[in-house]
Amino acid sequence: MNNRKIIKGYKTLISRFNVDTSKEKFKDGIIYTLYSDEFNSLKVGFVENEKTLEEKLSSEALILLDIKKGNKKDLFLLITTLKELGIKYSDNLYFKYSSSLMRHLSTLGWPIGRSLYKQRKIKKELLCA
């Protein structure tokens with residue numbers, strides 16, 4: 001009998017907060033990073049297919065740094081995390097280029113390529129006595 005109450009309460013809790021558990025909201029696509037040489041800024045984003053990305057690149061004077069399979073949820077999590085780190089951005093998801101921003105993007109697994117950011121390689125030596 002207690003089981004039914006817990007399950008019933010759980011269903012009420014879900015419907016109360018209008019949680020959308022459908023996969024439709026987070027379709028797979030391409031997450032990308034673009035660079036503007038003119039404004040020294042980065043643009044991150046999500047598109048559903050390569051054709052849309054090609055149209056975006058041809059309409060704006062931006063350089064494609066890297067792409068990766070992902071979904072809108074990845075973009076949302078990135079924006080939220082960068083906001084919590086205090087990194088500011090414009091309405092169109094443009095970020096002012098900085099080495100700390102590139103380091104954060106790399107750490108978060110965002111596609112940034114290797115042309116603007118070189119990861120430091122830490123070599124450790126083991127000394128045997």
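Computed from heavy atoms alone, side chains included, the values below leave out hydrogens, waters and symmetry copies.
- When the shell of 6.0 Å around CD of E55 is examined, it contains more than 12 heavy atoms from other residues, nucleotides or ligands.
- From L64, atom CG reaches atom OH of Y35 across 14.5 Å, with rounding to the nearest 0.5 Å.
- Taken from CD1 in I112 to CZ in R103, the straight-line distance is 11.0 Å, to the nearest 0.5 Å.
- More than 12 heavy-atom neighbours from other residues, nucleotides or ligands sit within 6.0 angstrom of NZ on K68.
- Note that NZ of K96 is 9.0 Å distant from OG of S36, once rounded to the nearest 0.5 Å.
- H104 and L85 get closest at one heavy-atom pair: ND1-CD1, 3.7 Å.
- The two atoms that bring P111 and I31 nearest to each other are CG-O, 3.8 Å, heavy atoms only.
- Between the D74 side chain and the L77 main chain, no donor and acceptor come within less than 3.5 Å of each other.
- Proximity of W110 to L75: side-chain heavy atoms (C-beta onward) are separated by under 4.5 Å at one or more points.
- To the nearest 0.5 Å, the span separating CD1 on I63 from NZ on K43 amounts to 15.0 Å.
- Atoms CG and NZ, on D28 and K69 in that order, are 8.0 Å from each other to the nearest 0.5 Å.
- Within the 3.5 Å criterion, the main-chain N or O of M102 finds no donor-acceptor partner in the side chain of S106.
- The side-chain contact (heavy atoms from CB on, under 4.5 Å) test with L65 is passed by exactly one of V44, L42, L34: L42.
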Fill in: side chain to side chain contact (heavy atoms under 4.5 Å, CB included) assessment of F95 paired with L82
CA-CA 10 Å; F95 295 87; L82 291 177; 3.7 Å; yes
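- Distance check: F46 CZ to L53 CG gives 11.0 Å after rounding to the nearest 0.5 Å.
- Side-chain heavy atoms closer than 4.5 Å link hydrophobic residues (I, L, V, M, F, W, Y) into clusters, and following such links, possibly through other members, connects L93 to Y97.
- Of all heavy-atom pairs spanning N71 and K27, the tightest one is CB-O, 3.1 Å.
- Under the 4.5 Å side-chain contact rule for hydrophobic residues, I79 and L108 share a cluster.
- Remark: the backbone N or O of Y94 is not paired with any side-chain donor or acceptor of N92 at under 3.5 angstrom.
- Judged as a side-chain hydrogen bond (donor to acceptor under 3.5 Å, both in side chains), and not counting sequence neighbours, the contacts of S100 are S98.
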Practice prompt. Please lay out, stage by stage, how D66 and T33 fare under the test side chain to side chain contact (heavy atoms under 4.5 Å, CB included).
Written response: CA-CA 6 Å; D66 204 1; T33 306; 5.5 Å; no
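- Evaluation of the side-chain hydrogen bond (donor to acceptor under 3.5 Å, both in side chains) rule for N49 yields T52 as partners, not counting sequence neighbours.
- Judged as a side-chain hydrogen bond (donor to acceptor under 3.5 Å, both in side chains), and not counting sequence neighbours, Y89 has no contacts.
- Two different hydrophobic clusters hold L105 and L62 under the rule that ILVMFWY side chains link at heavy-atom gaps under 4.5 Å.
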